[in-house]
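Counting starts at 1 for both ligands and their atoms, following the listed order.
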Amino acid sequence: MPDYKAPLRDIRFVRDEVLNYPAHYQSLPGCEEATPDMVGAILEEGAKFCQEVLAPLNQVGDREGCTWSPEGVKTPAGFKEAYAQYVEGGWPALSHDTAHGGQGLPESLGMAISELMGEANWAWGMYPGLSHGAMNTLQAHGTPEQQKTYLEPLVTGQWTGTMCLTEPHCGTDLGMLRTKAEPQADGSYKVSGTKIFISAGEHDMAENIVHIVLARLPDAPAGTKGISLFIVPKFLTDGQGGLGARNGVSCGSIEHKMGIHGNATCVMNFDGATGFLIGPANKGLNCMFTFMNTARLGTAIQGLAHAEVALQGASTYARERLQMRALSGPKFPDQPADPIIVHPDVRRMLLTIKSYAEGNRALLYYAAQQVDIMQHSQDAAAREQADKLLGFLTPIAKAFMTETGFEAANLGVQVFGGHGYISEHGMEQNVRDSRISMLYEGTTGVQALDLLGRKVLMTQGEPLRIFTKVVHKFCKANSGNRAISELVKPLAELNKEWGDLTLKIGMKAMTNREAVGAASVDYLMYSGYVTLAYFWADMARVAAEKLAAGEGDKAFYQAKLHTARFYFTRILPRTRAHVEAIKAGPDVLMDLPAGDFALGY
Ligand SMILES: Cc1cc2nc3c(=O)[nH]c(=O)nc-3n(C[C@H](O)[C@H](O)[C@H](O)COP(=O)(O)OP(=O)(O)OC[C@H]3O[C@@H](n4cnc5c(N)ncnc54)[C@H](O)[C@@H]3O)c2cc1C
């Protein structure tokens with residue numbers, strides 16, 4: 001297993017040199033404290049914690065997994081102690097409101113720390129990750145009293161949080177959920193039902209767990225319009241800031257699963273548990289969207305994390321492993337064979353991984369800037385624009401980054417050959433851990449419908465136009481930039497095609513409703529490839545400028561330019577296949593009767 005090294009140089013490149021984070025923070029009221037010095041110090045400290053504490057527990061967590069007993073769930077050796085160190089370091093409070101005990105630093109900085117934690121040990125990082133979403137929901141929708149009681153201990157890390165949506169008969173289709181909440185005379189509710197697949201639902205890392213639960217009131221309308229949101233703590237409070245009685249919520253069992261073994265995936269039984277309504281009755285799903293958007297970007301980070309882990313493992317191995325000779329003749333004649341990095345196919349795999357890891361990093365930190373603007377800008381128009389951009393980019397980031405993260409993790413195994421399949425090197429764990437990212441927080445199929453249906457067609461393409469305008473402006477400004485002309489021209493063409501393609505799908509959907517579902521995943525992947533092309537072109541622009549100015553780090557900038565060229569020539573042509581698949585339309589998918597799928601047995 002290679003040692004994890006936090007990719008701070010690349011994070012600084014993306015944040016400071018490409019996206020100009022120092023100016024971004026200075027332009028937003030409440031973010032001025034995040035000076036380059038302070039951000040640098042926090043990233044260094046975070047990197048140290050992730051490299052020294054979390055990364056060594058990654059394989060331990062996978063091997064040991066969590067264990068269930070009627071008393072509760074025991075996390076793998078070292079997880080609890082690492083969490084205590086995390087709390088001691090003040091990390092849970094980093095990007096939360098000072099009014100509730102937080103440090104008030106920008107959300108985008110919290111995301112950078114989440115990136116490092118996710119790369120070092122995704123399964124561990126999910127415990128604080130879910131708390132973060134619970135905190136954001138309470139911050140946005142909780143009453144002042146609920147915030148005092150539940151948000152503050154979450155901010156200090158004393159308690160953790162969960163997100164309880166899924167039930168055995170409903171995952172995607174939450175309109176079918178059955179968990180009930182009966183109003184009580186004292187204003188509380190009795191919550192009853194079973195939730196499954198609840199990440200971090202039970203564990204031994206914190207003294208209390210705050211479940212954020214979707215349930216139905218007795219008179220609620222059917223479907224999604226009848227869902228409300230509740231706080232259900234594991235332990236009730238004693239009214240004086242301490243823990244009170246054990247609540248009627250318990251973990252019935254944990255799942256045995258493909259990856260993320262260090263994270264407990266729990267069946268949670270609510271047996272008349274005391275709960276408290278958050279936000280308006282029957283508007284729970286709207287409130288939960290706050291949680292889900294945070295969680296979706298959190299899951300996008302998972303895609304990036306697995307690509308980075310694959311990159312670190314495979315690029316080291318490819319330089320050390322000696323097999324065969326280069327086709328053009330020995331490159332290391334004094335060695336018994338050349339290192340596998342001389343082979344074009346190994347380079348294809350490494351560059352694919354690298355182009356995803358670094359390209360997706362740029363997409364993530366661009367999306368994170370929109371979060372900051374939404375939360376801090378005093379300009380209503382800027383907030384509205386950021387909201388639309390973020391709404392548009394979230395399904396792309398969630399689905400495209402996790403699909404490509406999985407592809408990268410898989411290529412990580414391939415670069416190692418048979419040794420990739422063996423546990424020792426960590427590459428097979430990386431694949432297993434990454435697979436869930438395309439499923440939870442809305443599958444790729446569901447994100448694709450959200451993008452094409454809700455975000456693009458239902459708004460007559462408004463957020464798409466906002467983003468394509470950003471790309472158009474870039475292409476126009478760089479039309480004479482010879483250093484990147486080979487990138488700007490195809491980007492401009494794709495940017496135009498994006499709008500035309502959308503229009504065609506919209507027209508088709510007017511006569512055949514299935515056209516949207518038939519095109520959606522191809523449309524999302526197409527959108528992801530074009531979005532990343534923009535970020536690669538912009539990163540190449542900066543790299544070319546730095547090289548022309550003779551600034552240090554020549555090899556770093558040259559590698560950026562090189563990877564951008566690779567992305568445009570070897571990855572971006574995949575858009576052609578997606579366009580052709582979209583053009584094929586829905587009939588070829590829908591004409592086969594459902595019963596005929598299993599013919600031939
Ligand atoms: C390890 C793990 C951790 C999890 N953590 C949590 C958690 O903390 N909290 C929580 O509430 N849930 C959690 N989940 C649940 C997860 O979010 C769901 O599994 C996911 O939303 C998919 O729901 P489902 O499994 O019921 O699949 P289904 O909804 O049954 O979907 C099955 C397939 O049908 C497709 N499909 C469904 N509807 C449509 C449609 N309209 N159009 C096109 N395709 C469609 C899906 O894309 C998928 O491919 C977790 C799951 C796992 C495995």
Taking 4.0 angstrom as the limit, do [X] and [Y] come out as a salt bridge?
X: E202; Y: K234; answer: yes
X: E182; Y: K190; answer: no
X: E207; Y: R246; answer: no

Which bit of [X] gets closer than 4.0 Å to ligand 1, counting heavy atoms only: side chain, backbone, both or neither?
X: D173; result: neither
X: E255; result: neither
X: L165; result: both

Counting only heavy atoms on the protein side, is anything nearer than 4.0 Å to [atom]?
atom: atom 15 (C) of ligand 1; value: yes
atom: atom 46 (C) of ligand 1; value: yes
atom: atom 26 (O) of ligand 1; value: yes
atom: atom 11 (O) of ligand 1; value: yes
atom: atom 35 (C) of ligand 1; value: no

Starting from [atom], what is the nearest protein heavy atom, named by residue and atom, and what distance separates them?
atom: atom 3 (C) of ligand 1; result: S199 OG, 3.3 Å
atom: atom 28 (P) of ligand 1; result: T172 OG1, 3.7 Å
atom: atom 52 (C) of ligand 1; result: I436 CD1, 3.6 Å
atom: atom 18 (C) of ligand 1; result: T166 OG1, 4.2 Å

Go through ligand 1 atom by atom and flag the ones less than 4.0 Å from a non-hydrogen atom of [X].
X: M163; value: 7 (C), 8 (O), 9 (N), 10 (C), 11 (O)
X: G171; value: 23 (O), 24 (P), 26 (O)
X: E441; value: 17 (O)
X: L439; value: 20 (C)

Handout entry: Heteroatom distance test (K257, ligand 1): nitrogen or oxygen, under 3.5 angstrom
Key =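 It does not: no N or O of K257 is found under 3.5 Å from an N or O of ligand 1.
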Exercise for the section: Would you check whether F197 has a nitrogen or oxygen atom less than 3.5 angstrom from a nitrogen or oxygen atom of ligand 1? Expected result: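 F197 vs ligand 1: N/O contact under 3.5 Å present.
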Practice task
Using the test salt bridge (Lys or Arg N to Asp or Glu O under 4.0 Å), find all partners of K583 that sit at least two apart in sequence or belong to another chain.
Solution key: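 In terms of salt bridge (Lys or Arg N to Asp or Glu O under 4.0 Å), with neighbours along the sequence ignored, K583 is linked to E580.
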Exercise for the section: Answer with yes or no whether the side chains of N269 and S250 bring together a donor and an acceptor at under 3.5 Å. Expected result: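 Absent: no donor and acceptor within the cut-off.
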Handout entry: Parallel, tilted or perpendicular, as decided by the 30° and 60° cut-offs, for the rings of H96 and H132
Key =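 Perpendicular: the ring planes of H132 and H96 meet at over 60°.
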